[in-house]
2 protein chains.
Amino acid sequence: MKNEISIGLLGFGTVGSGVATILQQHQKDLRHKLGVEVSIKKVLIKNKNKDRLASLEPEVFTTDIEEILNDPSLDIIVEVMGGMDEAKEAIEKALAAGKQVVTANKDVMAEHGHELLKLADEKKCDLFYEASVAGGIPIIRTLEDGLASDRISSLMGIVNGTTNFILTKMKQENMSYEDALAEATALGYAEADPSSDVDGLDAARKMVILSSLAYSTEVHLDDVLIRGMKEIRDGDLELAQGFGYTMKMVGSSTKDEDGIEVAVEPIFLPDSHPLSSVNNEFNAVYIYGDAVGETMLYGPGAGSLPTATSVVSDVIAACRNILLEVNGKRVHAAQYERMIKPEDSRYSKYFHRLSVKDEIGVLSKLTAIYSEHGASLQSVKQHPAEDDGNSELVLLTHKISRQQHLDVIKELEGTASVISHYRIEGEESA
Amino acid sequence: MKNEISIGLLGFGTVGSGVATILQQHQKDLRHKLGVEVSIKKVLIKNKNKDRLASLEPEVFTTDIEEILNDPSLDIIVEVMGGMDEAKEAIEKALAAGKQVVTANKDVMAEHGHELLKLADEKKCDLFYEASVAGGIPIIRTLEDGLASDRISSLMGIVNGTTNFILTKMKQENMSYEDALAEATALGYAEADPSSDVDGLDAARKMVILSSLAYSTEVHLDDVLIRGMKEIRDGDLELAQGFGYTMKMVGSSTKDEDGIEVAVEPIFLPDSHPLSSVNNEFNAVYIYGDAVGETMLYGPGAGSLPTATSVVSDVIAACRNILLEVNGKRVHAAQYERMIKPEDSRYSKYFHRLSVKDEIGVLSKLTAIYSEHGASLQSVKQHPAEDDGNSELVLLTHKISRQQHLDVIKELEGTASVISHYRIEGEESA
């Protein structure tokens with residue numbers, strides 16, 4: 001029986017230093033839980049001259065990744081360096097060398113997760129990635145174990161804290177998008193270049209990871225329909241509120257017999273939906289299982305210690321498996337073939353906001369376009385004409401296919417100008 | 001390697017029949033996940049003449065529990081019969097015979113969990129009990145695995161769907177307690193005798209189970225301070241709302257260096273607290289971890305299929321362990337000694353609602369009582385006198401000890417009559 005488990009830590013930034021802190025603070029609890037010492041033996045850093053945690057010996061730090069990957073005494077490699085190619089290569093090498101791997105890297109897991117999980121299966125190694133999605137929320141584990149007995153039919157996630165923070169400020173404090181983004185940047189929630197957050201790419205990667213796991217099906221980044229925050233127009237949030245909806249930047253996916261659909265976009269949710277009260281930088285994932293019904297996990301989506309908590313929980317799981325000699329004993333490979341739904345079998349209710357010339361007959365001309373396409377309307381609301389003789393029209397459809405929606409939007413363009421349009425989701429929920 | 005795992009099911013009521021349904025519907029997924037067949041071989045029923053699931057052979061049913069407990073071919077015993085003594089004895093016998101056990105029995109786990117978990121440790125058997133708390137919410141697993149790396153400092157749970165349903169109706173639809181209870185009964189949320197729900201005993205048992213696990217410390221039912229819904233007076237919910245609070249029946253527990261405190265009672269939560277938007281029969285558990293910060297799990301707290309989902313997830317975990325030959329390899333016994341906080345080191349803000357004779361000097365007499373006990377006040381609000389010459393006074397304290405609160409309440413009785421009083425919690429949260 002081993003009496004010590006040794007960790008090689010790749011990266012010592014926000015998450016890496018959090019991992020070191022937690023492992024040190026919880027030595028006693030870890031010994032109780034595992035019966036052995038767990039310690040960090042090597043740490044990859046970029047620059048040897050920066051300040052380091054006093055409690056780690058200076059000898060553990062290295063700038064040479066090969067020194068870590070080739071060290072046979074290390075049991076677990078924790079990849080928290082970020083980035084794509086170098087990180088992916090490091091995970092591959094570690095698995096090839098028979099080491100257990102814990103990663104927090106959503107980019108790598110979203111783009112290469114399927115091949116890496118297959119490699120882990122082949123090498124009989126663990127590859128854990130709880131921290132890659134929604135920081136401190138144990139969502140991967142919940143999908144793998146807690147709901148192992150259920151068939152999940154839909155997932156909705158507020159999985160990007162930056163955009164949720166911005167939308168919360170815009171709604172609660174009537175801030176402009178620019179001011180809210182500036183505050184998010186000042187508070188460290190948004191990066192210097194926020195485009196991957198606000199354009200939806202960050203959330204899309206997380207939805208690829210979650211959907212692949214939830215449906216045991218290969219899902220690729222190309223499969224995700226992405227609309228970013230720049231689609232939002234002034235006044236849209238207020239209009240949503242007027243109808244009893246809250247606008248949220250949501251990653252959603254569903255699976256039924258026609259296949260899977262995955263999207264990241266600003267959508268309208270009923271105010272009573274559990275995701276509607278998830279505010280500020282918090283994340284939440286709402287799961288609908290055939291048997292369990294509605295569940296939701298809520299918590300911090302980022303941050304040094306929350307994310308490190310997930311990494312260390314994975315480390316503990318890998319340690320348990322090492323001690324029981326059962327690493328890599330789970331089937332990771334997807335059970336079902338990739339099958340993405342065509343546009344004409346994706347059904348939703350839609351919100352359409354149009355600007356029209358305030359002329360006699362315009363309303364009947366517009367509504368005729370909807371009926372031609374078989375798209376039935378739930379409500380039509382006309383706002384008084386502005387000085388320029390244009391008035392605004394808000395139409396809520398019943399459930400129509402995405403193809404119908406696209407066709408209507410295209411044909412409307414002759415008669416009206418489409419200011420904005422959103423899907424309405426979550427109305428079946430309690 | 002085994003190619004089949006056999007289950008003995010004790011009980012075929014709401015949960016038991018749900019377990020059978022899920023196991024049958026998910027045979028294909030289970031084979032993919034586990035690589036073996038999982039099947040129910042024996043089912044304990046009370047009455048042989050009732051209708052049975054057509055898909056289970058009539059021979060599996062028996063009214064003789066010994067026939068199941070003594071069957072050496074069974075690998076896992078699933079206890080969903082409910083009740084106390086017979087169920088506890090069945091679990092003991094199953095463990096003594098070296099069988100893995102899955103139970104949904106909160107009464108047994110709250111009162112005898114510590115001894116049963118020790119027995120499981122000794123016998124190197126699994127004893128899983130996810131379904132004993134908050135039905136379909138994977139809270140036990142989250143505390144054991146997902147947050148394994150964190151130190152949990154407080155837990156708050158809406159863990160009784162009946163009382164949450166009643167309070168939601170009282171708040172949202174201005175129903176009386178009696179009407180809301182009648183509706184809960186009609187919908188099947190409340191039992192014929194609802195006392196264990198509305199008096200808080202059901203929630204207290206769940207808090208014993210959660211707190212023991214979260215703090216790795218023995219917690220007993222006697223340690224829980226319990227106040228039921230009958231403490232709520234007409235007008236209290238409206239008063240809460242006036243101050244921006246929502247009244248919820250909450251089980252709460254905290255641990256710090258002075259020990260553990262556990263309570264189940266109606267409390268005031270800020271409207272912005274995540275638990276405040278948990279409505280109707282839904283349950284939720286809010287966890288504060290030193291590293292992760294705030295997380296919350298939300299979902300169905302009861303019901304046949306949600307609860308059965310948790311049972312079957314436990315069955316899957318036990319099956320995995322059987323196939324890997326690693327059952328009972330976790331330390332279950334509590335790490336820390338039982339240590340319950342004395343009254344004078346339990347701090348909270350309090351809401352006191354008093355009825356006083358509307359006489360000159362009464363306010364200064366009352367506030368003097370607070371200052372004598374070192375209890376500082378955050379706000380005092382007087383309502384106009386009623387016809388009977390009495391007026392109502394609402395006082396919100398700053399943080400004071402429970403002992404101060406009790407002393408003040410006792411001494412007030414000479415000058416005023418205390419209509420109601422509640423703790424105010426959750427204000428540190430986002």
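Worth knowing before you read on, the calculation uses all heavy atoms, side chains too, and leaves out hydrogens, waters and symmetry mates. Per chain, numbering begins at 1; letters A, B, ... match sequence-line order.
- Of the atoms belonging to A:Ile137, not a single heavy atom falls under 4.5 Å from chain B.
- A salt bridge links A:Glu218 with A:Lys118: the distance from a Lys NZ or Arg NE/NH1/NH2 to an Asp or Glu carboxylate oxygen falls below 4.0 Å.
- For A:Lys255 (side chain) and A:Thr217 (main-chain N/O), no donor-acceptor pair under 3.5 Å exists by modelled atom type.
- Within the model, atoms CD of B:Glu281 and OH of B:Tyr189 stand 3.5 Å from one another, a figure rounded to the nearest 0.5 Å.
- Chain B forms the most heavy-atom pairs under 4.5 Å with one residue out of A:Gly146, A:Gly293, A:Ala317, A:Ser149, and that residue is A:Ser149.
- Contacts of B:Tyr288 with chain A are absent, with no heavy-atom separation under 4.5 Å from either backbone or side chain.
- In terms of non-hydrogen atom pairs under 4.5 Å with chain A, the most contact-rich of B:Val292, B:Thr295, B:Leu305 is B:Val292.
- When each of A:Glu325, A:Lys28, A:Glu130 is scored by its heavy-atom pairs under 4.5 Å with chain B, the top score falls to A:Lys28.
- Interface residue A:Leu297: backbone and side-chain heavy atoms are both found under 4.5 Å from chain B.
- In terms of heavy-atom pairs under 4.5 Å with chain B, the best-connected choice from A:Ser277, A:Gly136, A:Pro300, A:Pro138 is A:Pro300.
- A:Met156 approaches A:Leu275 most closely through the heavy-atom pair CB-CD1, 3.6 Å.
- Applying the 6.0 Å contact sphere to CD of B:Glu173 captures more than 12 heavy atoms from other residues, nucleotides or ligands.
- Of the residues considered (A:Gln25, A:Gln335, A:Arg141), A:Gln335 shows the highest number of contacts with chain B, using heavy-atom pairs under 4.5 Å.
- Most heavy-atom pairs under 4.5 Å with chain A: of the set B:Ala148, B:Gly299, B:Ser304, B:Ala284, this distinction falls to B:Ala148.
- Using a 4.0 Å cut-off between a side-chain N of Lys or Arg and a carboxylate O of Asp or Glu, B:Lys329 and B:Asp126 do not qualify as a salt bridge.
- Ring geometry for B:Tyr286 versus B:His273: interplanar angle of 30 to 60°, hence tilted.
- With a threshold of 4.5 angstrom between heavy atoms, A:Ser216 approaches chain B through side-chain atoms but not through N, CA, C or O.
- Among the candidates B:Val315, B:Asp29, B:Thr142, the residue making the largest number of heavy-atom pairs closer than 4.5 Å to chain A is B:Asp29.
- Between the A:Thr309 side chain and the B:Asp150 main chain, no donor and acceptor come within less than 3.5 Å of each other.
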